[in-house]
K.L.:
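To start, I am sharing the structure in question, which I have written as structure tokens.
Computed from heavy atoms alone, side chains included, the values below leave out hydrogens, waters and symmetry copies.
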Amino acid sequence: MPVTEAQALMREKRIRHLPIVDDAGKLIGLVTQRALMKALPSDVSHFSKFEISYVLAKITVKDVMVTDVVTIDEDTAIEEAARIMADRRLGCLPVMRDGELIGIITDNDLFTLMVDVLGARNEGLRVTVSQPDRAGEVARISSTIASAGGYLLAYITYPTRDPAVWSSVLKVTNLSQDKLVDALGRLEGIVVEDVRVM
């Protein structure tokens with residue numbers, strides 16, 4: 001396929017990655033927007049639009065596709081897929097089953113998942129707290145919110161630079177900001193860092 005057709009297909013389908021398979025369905029490469037941009041001469045200012053189209057029509061996806069493609073299988077945990085993409089600076093990962101391509105996961109898919117995991121589609125209070133790194137802290141915070149009448153939509157915990165302290169981001173509904181801050185403020189060792197309506 002000429003790269004011009006690949007570009008048109010990607011534009012029409014609004015995709016940034018195009019897996020290339022052979023007649024047997026085996027993944028043999030991946031065309032990305034970046035790879036397509038590299039197909040153009042670095043300085044096209046002295047070419048006419050028609051000359052650029054002519055040159056591009058002669059270049060095929062085989063000439064520009066990435067052949068050393070990193071893949072995952074369908075049972076790979078989503079956080080592992082995200083880690084691979086972050087560590088290797090990849091925009092996508094083809095998903096394989098028994099050596100055949102069955103899908104593709106993109107950075108956009110991960111952003112969409114993050115929006116859902118953080119409860120960003122639901123209105124409520126987004127709270128960031130610092131907590132001691134010890135067993136039972138998540139249960140203590142979540143039960144305090146429940147006892148105050150709050151509903152916990154999301155709870156994400158992650159380490160800080162201080163190994164003795166973790167941060168948590170919570171999404172809470174059914175509580176006023178004052179009541180939530182007051183309830184959490186009564187917990188020994190918990191520091192409310194930020195609260196905002198979202």
K.L.:
Side chains of T67 and I28: does their closest heavy-atom pair fall under 4.5 Å?
P.N.:
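The answer is no; the side chains never approach within 4.5 Å.
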K.L.:
Using the rule that two of Ile, Leu, Val, Met, Phe, Trp, Tyr join whenever any of their side-chain heavy atoms come within less than 4.5 Å, decide whether V95 and V69 are in one cluster.
P.N.:
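No.
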K.L.:
Can you tell me how far apart CG (L101) and CG (L27) are? Round to the nearest 0.5 Å.
P.N.:
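It comes to 5.5 Å.
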K.L.:
Let me confirm one number: the CD-CZ distance from Q33 to R11, rounded to the nearest 0.5 Å.
P.N.:
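Q33 CD to R11 CZ: 10.0 Å, rounded to 0.5 Å.
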K.L.:
Are V197 and L153 connected into the same hydrophobic cluster when the rule is that any two of I, L, V, M, F, W, Y join if their side-chain heavy atoms are below 4.5 Å apart?
P.N.:
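In one cluster with L153: V197, no.
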K.L.:
Under 4.5 Å between any side-chain heavy atoms of I59 and V64, yes or no?
P.N.:
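Answer yes - side chains close enough.
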K.L.:
Please list, chain by chain and in numerical order, all residues satisfying side chain to side chain donor-acceptor pair (under 3.5 Å) with S168, sequence neighbours excluded.
P.N.:
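With sequence neighbours excluded, S168 shows a side chain to side chain donor-acceptor pair (under 3.5 Å) to Q131, T157, given in chain and number order.
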K.L.:
Could you walk me through whether M85 and L110 pass the side-chain contact (heavy atoms from CB on, under 4.5 Å) check?
P.N.:
CA-CA 10 Å; M85 290 172 70; L110 295 177; 3.6 Å; yes
K.L.:
Locate the shortest heavy-atom distance separating L18 from I15; write the atom from each residue and the value.
P.N.:
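Here L18 and I15 meet closest at CD1-CD1, 3.8 Å.
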K.L.:
Got a sec, which pairs hit side chain to side chain donor-acceptor pair (under 3.5 Å) with one end in residues 14-26, sequence neighbours left out?
P.N.:
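Listed once each, the pairs are R16-D107.
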K.L.:
If you measure from CZ on R88 to CZ on R83, what distance do you get to the nearest 0.5 Å?
P.N.:
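Separation between the atoms: 8.0 Å.
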K.L.:
Which value, rounded to the nearest 0.5 Å, describes the distance between L93 atom CG and D73 atom CG?
P.N.:
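Those atoms lie 11.0 Å apart.
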K.L.:
Do any side-chain atoms of residues 112-130 form donor-acceptor pairs under 3.5 angstrom with protein atoms, and if so which ones, sequence neighbours left out?
P.N.:
from : atom 1 : to   : atom 2 : distance (Å)
T112 : OG1    : N108 : O      : 3.0
D116 : OD1    : R121 : NE     : 2.8
S130 : OG     : E193 : OE2    : 2.6

K.L.:
Under a 4.5 Å cut-off applied to non-hydrogen side-chain atoms, are I141 and L170 in contact?
P.N.:
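They are in side-chain contact.
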K.L.:
Would you say M10 and V66 are hydrophobically clustered, going by side-chain heavy atoms of ILVMFWY under 4.5 Å?
P.N.:
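M10 and V66: separate clusters.
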K.L.:
Which atom names give the shortest non-hydrogen contact between P19 and I104, and what distance separates them?
P.N.:
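In terms of heavy atoms, the two residues are closest at CG-CD1, 4.1 Å.
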K.L.:
Output the distance between atom CD1 (I145) and atom CG (N174), rounded to the nearest 0.5 Å.
P.N.:
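Here the rounded value is 11.5 Å.
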K.L.:
Do you reckon V3 sits in the same ILVMFWY cluster as V21, going by side-chain contacts under 4.5 Å, direct or chained?
P.N.:
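Different hydrophobic clusters.
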K.L.:
Can you name the residues that form a salt bridge (charged side-chain N to carboxylate O under 4.0 Å, His left out) with R89, not counting sequence neighbours?
P.N.:
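Counting only residues at least two positions away or on another chain, R89 forms no salt bridge (charged side-chain N to carboxylate O under 4.0 Å, His left out).
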K.L.:
May I ask you to decide if V165's main-chain N or O and T160's side chain share a donor-acceptor pair within less than 3.5 Å?
P.N.:
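Looks like yes, one N/O pair under 3.5 Å.
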K.L.:
Is there a chain of hydrophobic side chains (I, L, V, M, F, W, Y, each step under 4.5 Å between heavy atoms) that links M96 to I78?
P.N.:
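No, separate clusters.
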K.L.:
What pairs with E100 under side chain to side chain donor-acceptor pair (under 3.5 Å), at least two apart in sequence or on another chain?
P.N.:
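E100 satisfies side chain to side chain donor-acceptor pair (under 3.5 Å) with no other residue.
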K.L.:
Report the distance from atom CG of D133 to atom CG of D162, rounding to the nearest 0.5 Å.
P.N.:
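The distance works out to 9.0 Å.
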K.L.:
How close do I72 and A81 get, counting heavy atoms only, and between which atoms?
P.N.:
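Heavy atoms of I72 and A81 come nearest at CD1-CB, 3.9 Å.
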K.L.:
Flag the pair V138 / Y155 as yes when at least one side-chain heavy-atom distance between them is below 4.5 Å, and no otherwise.
P.N.:
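Of all side-chain heavy-atom pairs linking Y155 with V138, at least one is under 4.5 Å.
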K.L.:
Looking at every non-hydrogen atom in both residues, tell me the closest pair between V61 and A6 and how far apart they are.
P.N.:
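Closest approach of V61 to A6, heavy atoms only: CG1-CB, 3.7 Å.
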K.L.:
Holding to side chain to side chain donor-acceptor pair (under 3.5 Å), I want the full list of residues that pass it with D63, two or more places apart in sequence or in another chain.
P.N.:
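Residues passing side chain to side chain donor-acceptor pair (under 3.5 Å) with D63: T60.
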K.L.:
Determine the minimum heavy-atom distance between W166 and Y158, stating which atoms define it.
P.N.:
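Reported closest heavy-atom pair: CE3-C, 3.2 Å.
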K.L.:
Which pair of heavy atoms, one from A183 and one from A148, lies closest together, and at what distance?
P.N.:
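Shortest heavy-atom contact: CB-CB, 4.3 Å.
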